[in-house]
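The structure under discussion appears below in the form of structure tokens.
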Amino acid sequence: MAVFFLVSLLASTVGAICGIGGGVIIKPVLDLLHLETVQAISFLSVCTVLSMSCYSVGRAILAGERRVSLATGTPLALGAAVGGLLGSQLFSAVKAMFENPNTVGAVQAVCLAIVTAGTLVYTVYKERIPTHHLKNRLACAAVGLALGCMSSFLGIGGGPINLVVLYFFFSMDTKTAAANSLYIILFSQLANLLSTLAAGAVPPFRPAVLALMVAGGIGGGMAGRSLNKRLDNRAVDRLFMGLMAVIIGISICNGIRYAA
């Protein structure tokens, strides 16, 4: 049982620092350890990421921090909320296509490996890539829709793709992108959870595991928020790239194991 808490705590700490939510770590690691079903792991990951993002965003608001631009952040977040609903439906549709639930895990793992690899390449070369300053609210909502759909389907909360999109379309620096990413994750995961509850599609899980993971998520949010203030943008970038390399390796292993 302690494994669930430790994975959630460490993943949420790093997720709060980098703005990736933590689900991108929790999902593949628990898949690798095979401690729960694919469906249960996705649900528990959503709950953990939601608890961490609630704490992080709430504390930032109470502290009067202004890293999140509501003019662009709110359309992004609302789009992500709708995308979260679509991603949840997409996951259900893909699950219904296969008799073996492990096949869904293999699809998720392969998609996550591809997305993470693309994110890593972009991050390495981002200083050479021209960026944009997207301001149109409908365009922002459309971007958020795509982010929410992808993160919900993969069961990762928000993940590295959020940061790449915020770098490229909005020219944000690393820490500003991290804050906005957590804001987006909060909306998308809340919509995902409410959709799952409304549809009565909550998979079987152990309540004690959920409690431990939520506690780890909040604890990680507290630790990550404190560490983020002490690190500069370069240090956060290095941590982010190191994590991406590890996640790619784990996702490839999961894809092979589930497909076997």
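For this chain, numbers begin at 1 and follow the sequence in order. Just so we're clear, the structure is a prediction, and the values are computed from it rather than from any experiment. Values below: every heavy atom of this structure, side chains too, minus hydrogens, waters and symmetry copies.
Atoms CD1 and OG, on Ile218 and Ser53 in that order, are 10.5 Å from each other to the nearest 0.5 Å. Taking CG of Leu145 as the reference point, atom CG of Leu76 lies at 11.0 Å (rounded to 0.5 Å). With rounding to the nearest 0.5 Å, the separation of CG in Leu138 from CG in Asn136 is 5.5 Å. If you take CG on Leu186 and CG on Leu190, they are separated by 6.5 Å, rounding to the nearest 0.5 Å. Between the CZ atom of Phe205 and the OG atom of Ser42 there is a distance of 13.5 Å, given to the nearest 0.5 Å. Put simply, CE on Met213 and CZ on Phe43 are 10.5 Å apart, with the number rounded to the nearest 0.5 Å.
With Thr48 contributing its side chain and Leu44 its backbone, the two residues share a donor-acceptor pair below 3.5 Å.
Applying the ring-ring contact (aromatic ring centres under 6.0 Å, His included) test to residues at least two apart or on different chains, the pairs with a partner in residues 163-204 are His132-Phe168, Tyr183-Phe187.
The number of heavy atoms from other shown groups lying within 6.0 Å of CE (Met222) does not exceed 12.
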- Message: Could you go through Gln189 and Ser151, starting from their C-alpha distance and side-chain angles, then the distance that decides it, and tell me whether this counts as side-chain contact (heavy atoms from CB on, under 4.5 Å)?
- Response: CA-CA 9 Å; Gln189 294 309 285; Ser151 64; 4.2 Å; yes
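Hydrophobic clustering (side-chain heavy atoms under 4.5 Å, transitive across Ile, Leu, Val, Met, Phe, Trp, Tyr) groups Ile161 together with Ile26. Linking Ile, Leu, Val, Met, Phe, Trp and Tyr whenever their side-chain heavy atoms come within less than 4.5 Å puts Leu154 and Met97 in one cluster. Cluster annotation: Phe91 and Val110 are assigned to distinct hydrophobic clusters (Ile/Leu/Val/Met/Phe/Trp/Tyr, side-chain heavy-atom contacts under 4.5 Å, transitive). Both Leu210 and Val29 are part of a single hydrophobic cluster, where members link through side-chain heavy atoms under 4.5 Å apart. One hydrophobic cluster, built from ILVMFWY side chains closer than 4.5 Å, holds both Leu50 and Phe4.
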Expected list for residues 242-258: side-chain donor-acceptor pairs under 3.5 angstrom, two or more places apart:
unit_1: Ser251; atom_1: OG; unit_2: Ile247; atom_2: O; d: 2.9
unit_1: Asn254; atom_1: OD1; unit_2: Leu32; atom_2: N; d: 3.3
unit_1: Asn254; atom_1: ND2; unit_2: Pro28; atom_2: O; d: 2.8
unit_1: Asn254; atom_1: ND2; unit_2: Ile250; atom_2: O; d: 3.4
unit_1: Arg257; atom_1: NH1; unit_2: His34; atom_2: ND1; d: 3.4
unit_1: Arg257; atom_1: NH2; unit_2: Asp31; atom_2: O; d: 2.1
unit_1: Tyr258; atom_1: OH; unit_2: Asp31; atom_2: OD1; d: 3.1

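At a threshold of 4.0 Å, the pair Lys175-Asp232 does not count as salt-bridged, since none of the basic side-chain nitrogens sits closer than that to a carboxylate oxygen. Between Arg206 and Glu36 a salt bridge is recorded (basic side-chain N to carboxylate O distance below 4.0 Å).
No side-chain heavy atom of Arg67 sits under 4.5 Å from any side-chain heavy atom of Leu182. Looking only at side-chain heavy atoms (C-beta outward), Ser188 and Leu147 stay at 4.5 Å or farther from each other. Under the 4.5 Å side-chain criterion, counting only non-hydrogen atoms from C-beta, Thr174 is in contact with Lys126. A heavy-atom distance below 4.5 Å is not found between the side chains of Ile20 and Ser181.
Judged purely by distance below 3.5 Å, without hydrogens or angles, the side chains of Thr176 and Asp173 pair a donor atom with an acceptor atom.
Of all non-hydrogen atoms in Leu85 and Ala191, the two that sit nearest each other are CD2-O, 3.2 Å. Here the shortest heavy-atom pairing between Thr119 and Pro160 reads CG2-CB, 3.4 Å.
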